[in-house]
Amino acid sequence: MALSDDDVRRVAELVRIGLDESEVKPLGEELSRIFSWIEALREVDVAGVAPMTSVVEMQLRERDDAVTDGDCRDQVLGNAPAADDGHFVVPRVIE
Amino acid sequence: MASDLNRLGVAEAAARLAAGDCSAVELVEACIAAQEAAANLNAVVADTAERACAAARHADQRRHRNEARPLEGIPVAVKDIFCTRGAPTTAGSRILDGFVPEYESTVSAKLWDTGAILLGKTNMDEFAMGSSNETSWWGPVRNPWSPADGPSLVPGGSSGGSAAIVAAHAVPAALGTDTGGSIRQPASFCGVVGLKPTYGRCSRWGIIAFASSLDQAGPLTRSVADAALILQHIAGFDPKDSTSADLPVPDLHSALQGDVKGLRVGIPAEYRLDTLPVAVGDLWEQGIAWFRAAGAELRDVSLPHTRYALPAYYIVAPAEASANLARYDGVRFGLRSAGKDPDELYTRTRREGFGEEVRRRIMIGGYVLSEGYYDAYYLRAQQVRTRIAEDFRTAFREVDVLLTPTAPSSAFPEGAKTDDPLAMYVNDIFTVPASLAGLPAISVPAGLDDDRLPLGLQLIGQAFDEATLLRAAAALENAVGTLQAPAVSA
Amino acid sequence: MTGARTIVGATGEWELVIGLEVHAQAATRSKLFSGAATAFGAEPNVQVSLVDAAMPGMLPVINGAAVDQAIRTGLALGAEVNRFSVFDRKNYFYPDLPQGYQISQYRHPIVGAGELRVDLPDGRTRVVGIERLHLEQDAGKLVHDRSATDSHVDLNRAGIPLMEIVSRPDLRDWEEAGAYLRKLRALLRAIGSCDGNMEQGSLRADANVSVRRPGAPLGTRCELKNLNSVRFLMRAIEVEARRQVGIIEAGEAVRQETRLYDPQRNETRAMRSKEDAHDYRYFPDPDLLPLSLSDARIERLRDSLPELPDEIRERLIGEYGLTPYDASVLVAEPDAAGFFEAAAQGRSGKRVANWIVTNLFGALNEAERPLAESPVSAEALGQLVGLIENGTISDRIARDVFEEMFRTGSSPQAIVEARGLRQIQDADAIDAAIDAALSANPGQLEQYRAGKTKVLGWFVGQVMKATRGQANPALVNARLRQKLDPDGAG
Ligand SMILES: [Mg+2]
Ligand SMILES: [Zn+2]
C-alpha cells in the first residue's frame, strides 16, 4: 500500500498537523512502509466477526439526570492562552 | 541508617514508618536526595520536592494522632500523563507546556487518599507514544543500568521515567500507564516489576488519553508484593469512567501467600520467534524450569493470531489517538502559536507542539479512518482484536497463566532505533497481544543478559484475575532471587 | 397531482425536493455526557464542566434521561427503536467544538425509520418518511460582535443533548416544509421530549433543497444550515429553490454546498468555513460502550407517552365534529388543542374552533405572540362564544368584543355591559326600527314591491345600522319579511 503525495497532503490537512512541502515525500515513503507491514491483516478471516468493543460483557452505564457539575468558569478558563470577559478568544472566524 | 531509606520498598517502608523506626520526612528527604543524585537520568520532569516535604510533615502529624492510613508517608512518583492538581502535567509534550490541571486523576487521588505522597512527575515518551523514552519534549531518559563507560541506554517506554526512577532506588514505587506495553517493557529494560491490570480495573479519568480502548494505569515497583499493594489501592470502580468495571477488587495481599503447585502455566508457541536473541530464549527456558520446579504444570498452547497483533495495534492505537489528540488545538490550554484564522492557529500550534512520532501516528490514524479506508483498516483491526481475544479465551480453558518474554531484547543504546519506526514498534511484540485483549500482565525481572542488562519475563492472566497473576509472579520472583542492582544506586 | 407548489421559470416548471434535518434539544436538566446544567440564558462558560471544555483526561458518561427522550420521540414517530446503537466520534476542527470531535451516532443510530403525518392547509395530507433519529452533542457558540479581529467562544451549549431527526426527501414545497416542522414541534412538545423553543435554539432545522423537472431524477442539493423559525425555513427554501432554478436555466450547474440564509436580504450564501470537502473519519467512541436497550425499558417509555397529536386530532373530529383541517391546525400549534378543549366546554366545538383558528390565531400572528401569551384566555373565548350562542350578542358585535378583549384582556361580559352591546331581542323595538327605515326610504320600498327582492338585505343593513349592530339579525330578517311579504311568510 503506497501513499501518494496527495494522500499525505490530504490527511495532514484533515488532522491539522502542519506539514512542510519538503516533508511530504519522506513521510509518504515512511508511511507506505508501515502500511505495507500492516497489510498482513488481510490474511485474517474476519467474516462475520464482531469488532471488539469491551474486554468483558458490559452494559453502558447511564447517569441520573442531575446537575452535578459546571459553575467552575475559573477552572475552565484557567489554562486558556487567551480569554476575555468569560470567553475563550480565537482569531476571527468567518462563517 | 537513614541514608538507606530510599532503598526501602513500599511494604518495608510502611512497616518502618508504622514501627516508628523512621519518619515520613526522613523517608521523603532520602528519596529527594536520591532523585537529586540521579538527576542525570532525566527521569523527573516536574519538581514536587517542596510539596512532598510539606505532605510528609503532615503525614507524620497524622501518625502522631493515630490517624495514619495504609500508605501514610510513602512517596510515589507519577508518570507525567496523570493529571495532578496544582502540578504541571505535560504528557511529555511541548503542546501542554505550562498546563497545570485543577483536578486530580482518580488513580492518583486514590493513592493520596491512602496517605501516599506525590514525589516527582516522571518523564515519558510524548503522549506515551514510544518504546524508548526518546520522543519526550523533555529529552531522553537514561537507563540507570547504562554502563558508566559505555553509551547511554534507553529505559524503554513510554513509562521510562517511572521505571528508571524506581530502578535507581529514588522512590519505592511509581505509577505508569500501559497501552501496548508501556509499563512492562520499560520494567523489563530497567529491572523492575511492572504490572498492567485488566482493562477497566483502574479508572482512566484524569489520565491523558493516548488510545482509550487500551490505556490502563498500573504500578512499577521493585517487588511483586509492592505492585500488588499499590494496585490494591488504585483499583476499583469509577462512575466517571464509562469503561470502568463495576467489579470487586480481590484481596491481593492474601493472593500472594499461596504457591504455584498445580498451577497450569501456558507457553504460547507463536512467541517462539526465530529472531529471538539467545539470551532471551534461554531466560524463557529458565523461567519454564523454575515453574516446573515449583510444582506448576507446564503446557504448550497456541495463540494463532499473535502475528497480527502488532499491525492491528498500529491501526487501533493511532486511530484513537488521532481523535484523542484533536483537543490540543491551542484554544483552551497549553501551547498556542499565532495564526490569522483558527485553522492557521491549529496547524501552527500542532506543528510546533507535537513531536515527530506523535505527528506520524496522528497521520496513520487519520489515514486509516478516512473515507474509503475505515472498513479495510480500522474495522478489520477491531475484528482481528476479537480473534486475538478469542485465542486467549481458548488458551485459558487449558491454563491459568501464560509465560512469555516481556521484550525481544534488553535495553538498547539511545538513538539505535530512532530512524526506523518499524524496528521501534517491534519492541512491543510480546506485550501488545495482551493489551489488545485487555488482559492483565506483569513483567518480573528474571535475569541478566551477556551485557549484564536486565531482562524480564511476562506473565499474562485472565481478565480480572490479577490475584492468580500476582501469585504466579511472586513465585517467579522467588525463584529468580536477587539481581545485581544498577550501578547508579550502588 | 400532488398539489404542491412548483416554480415556473423561463423554461418551464420546476419541482422542489426537500428533506429536513431537525436538531431538537432533548429536555433534560444536565448535558448529554456531563453533569453541567442545560438551562437557557446563563452567563458565558458558566454551565461548562471540565468534560465539556475537553480538558485533558476527561471522559464522557451518558445521561439516561436523554436516552429516554430519544426513545420516547422514536416511539411517538412510530419508528423502530434499535436495541443496539453506537456512539461515534465525528472528527473535525472548529473553535466551537472543544474535543475536536462531536460525539454522535452514525452507523448505528438509536432510532430507525418512522413517519410523520402532515396535514396541509388545502386539505391534503402528506406522510413524510423519517429516516432516523440519533443522539449527539451540541457545539458551543461563537460570538463575533465583541471584537473586530477575534471571535469569542462560549461553551454553555457544548454538550447539550440533541436529537437529530432526519426526514426523507419527501417534502415538495416550502409550505409542506413549514407544516412538517410545525407538526414535529407539536409532537415533541406534546410528549415533552423537547420544549420546541426555536428562539432559544432548542429546535433548529437544516434543509436539503434541490429542484428538478417534475418527475425527473434528483438534482444537486444544497444544505441550508441552522434555520431557527418556521418563517425563515419557508422563506429560505423558496429563495434557494428560485436561485437554483436561475442557475440551471442560465445553463450552469448547481454546486453541492452548505449555505446560510440571510433574513435581512432574503437570500442564501455559501458558508466560507464549510468550503472544504469534509471527511469526518467517524469511528465508535472508545470511551463509551455500545448502548443496549431492553424491551422492558422501551415498553415502560411507551406507556409514559401522553395522547399524541394525531390521536387528539381524531378525537377532536369525532367528539367535537371539527373539520379535519381545523383539527389539524389545533394539534399543530403548541398548546392549541388543550386551549380548544377548555374553551369548548358546553359550547359548539365547531364554532369555538373557528374562533380560535380564524380570529385568535390571526390576532396572535399579527401581534407575533405565541398562544401561551394570548391576552384572551380559553375561558374568556368560551364565554364570548357562549354570549353568541345565547343570543346576547351577534357574530358581528362579537368580533368587536374580541378585538377589545385581545387589546385589553377584559372579559367579554364586562365589555358588553360597559359598551351597552347587548343584542336587541325585543320584537317591538325591532319593529319600530323597521318601520322607521321603511318610511324613511320609500324609493327602495317601491323597488322591492316591483320585484327587486335583493333590497330586503339592504333594509336589514339599515336596521342594523340604526341599532348600532345590536339588533338580533335573524329577528330583523324575520320581522322584515313578515312586514313586506305577509303572505309569503306563512
Ligand atoms: Mg446532519
Ligand atoms: Zn447533527
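Each chain gets a letter, A, B and so on, in the order the sequences are listed, and its residues count up from 1.
A:Arg92 has its side chain out of reach of B:Pro342: every pair of non-hydrogen atoms, C-beta onward, lies at least 4.5 Å apart. Using a 4.5 Å heavy-atom cutoff, the side chains of A:Phe35 and B:Ile364 are in contact. Proximity of A:Leu41 to B:Ile315: side-chain heavy atoms (C-beta onward) are separated by under 4.5 Å at one or more points. No side-chain heavy atom of B:Gln382 sits under 4.5 Å from any side-chain heavy atom of A:Val49. Residues A:Val44 and B:His305 form a side-chain contact, since some pair of their non-hydrogen atoms from C-beta on lies under 4.5 Å apart.
For A:Ala82, the parts lying under 4.5 angstrom from a heavy atom of chain B are both the backbone and the side chain. Of the two parts of B:Ala326, neither the backbone nor the side chain holds a non-hydrogen atom closer than 4.5 Å to a non-hydrogen atom of chain A. With a 4.5 angstrom heavy-atom cutoff, B:Ile362 touches chain A via backbone and side-chain atoms both. Using a 4.5 Å cut-off between heavy atoms, B:Asp97 does not touch chain A at all. In this structure, the portion of A:Leu60 lying under 4.5 Å from any heavy atom of chain B is its side chain and not its backbone. With a threshold of 4.5 angstrom between heavy atoms, B:Ala381 approaches chain A through its backbone and through its side chain. Only the backbone of B:Leu436 comes within contact range of chain A, with at least one heavy atom under 4.5 Å from a heavy atom of that chain. Heavy atoms of A:Val8 lying under 4.5 Å from chain B belong to its backbone as well as its side chain. In this structure, chain B has no heavy atom under 4.5 Å from any part of A:Leu77. Only the side chain of A:Glu23 comes within less than 4.5 Å of a heavy atom of chain B; its backbone N, CA, C and O stay farther away. Only the side chain of B:Arg307 comes within contact range of chain A, with heavy atoms under 4.5 Å apart. Looking at A:Arg63, neither its backbone nor its side chain comes within 4.5 Å of chain B, counting heavy atoms on both sides.
Remark: the backbone N or O of A:Gly18 is paired with a side-chain donor or acceptor of B:Arg359 at under 3.5 angstrom. Side-chain atoms of B:Arg350 come within 3.5 Å of backbone N or O of A:Val15 as a donor-acceptor pair. B:Thr347 contributes no side-chain N or O that, together with a main-chain N or O of A:Ile17, makes up a donor-acceptor pair within less than 3.5 Å. Distance alone, capped at 3.5 Å, places no donor-acceptor pair between the B:Asp341 side chain and the A:Pro91 backbone. Judged purely by atom type and a 3.5 angstrom limit, A:Arg61 uses its side chain to pair as donor or acceptor with the backbone of B:Ser244. Side-chain atoms of A:Arg42 do not come within 3.5 Å of backbone N or O of B:Ala376 as any donor-acceptor pair.
The distance from atom CG of A:Asp74 to atom CD of B:Glu102, rounded to the nearest 0.5 Å, is 9.5 Å. Put simply, OG on B:Ser213 and CE on A:Met52 are 7.5 Å apart, with the number rounded to the nearest 0.5 Å. Annotation: the span from B:Tyr425 atom OH to A:Ile38 atom CD1 amounts to 8.5 Å, rounded to 0.5 Å.
The two residues B:Arg351 and A:Leu19 make their nearest non-hydrogen contact at NH1-CA, 3.9 Å. Here the closest non-hydrogen pair linking A:Pro81 and B:Phe333 is CD-N, 3.7 Å. Shortest non-hydrogen contact noted between A:Met58 and B:Ser242 is CE-O, 3.7 Å.
For the residue pair B:Tyr308 / A:Glu43, a side-chain donor-acceptor distance below 3.5 Å is found, with atom types taken as modelled.
By the 4.0 Å N-to-carboxylate-O rule, A:Arg33 lies close enough to B:Asp420 to be salt-bridged with it. Taking 4.0 Å as the cut-off between side-chain N and carboxylate O, B:Asp329 and A:Arg16 do not count as a salt-bridged pair.
Just one of A:Leu14, A:Ile34, A:Leu3 meets the side chain to side chain contact (heavy atoms under 4.5 Å, CB included) condition when paired with B:Tyr367; it is A:Leu3.
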Problem set entry | Evaluation steps, side chain to side chain contact (heavy atoms under 4.5 Å, CB included), between A:Val90 and B:Arg332 | CA-CA 10 Å; A:Val90 294; B:Arg332 293 167 316 287; over 6 Å; no
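More than 12 non-hydrogen atoms from other residues, nucleotides or ligands lie less than 6.0 angstrom from CG of A:Asp84.
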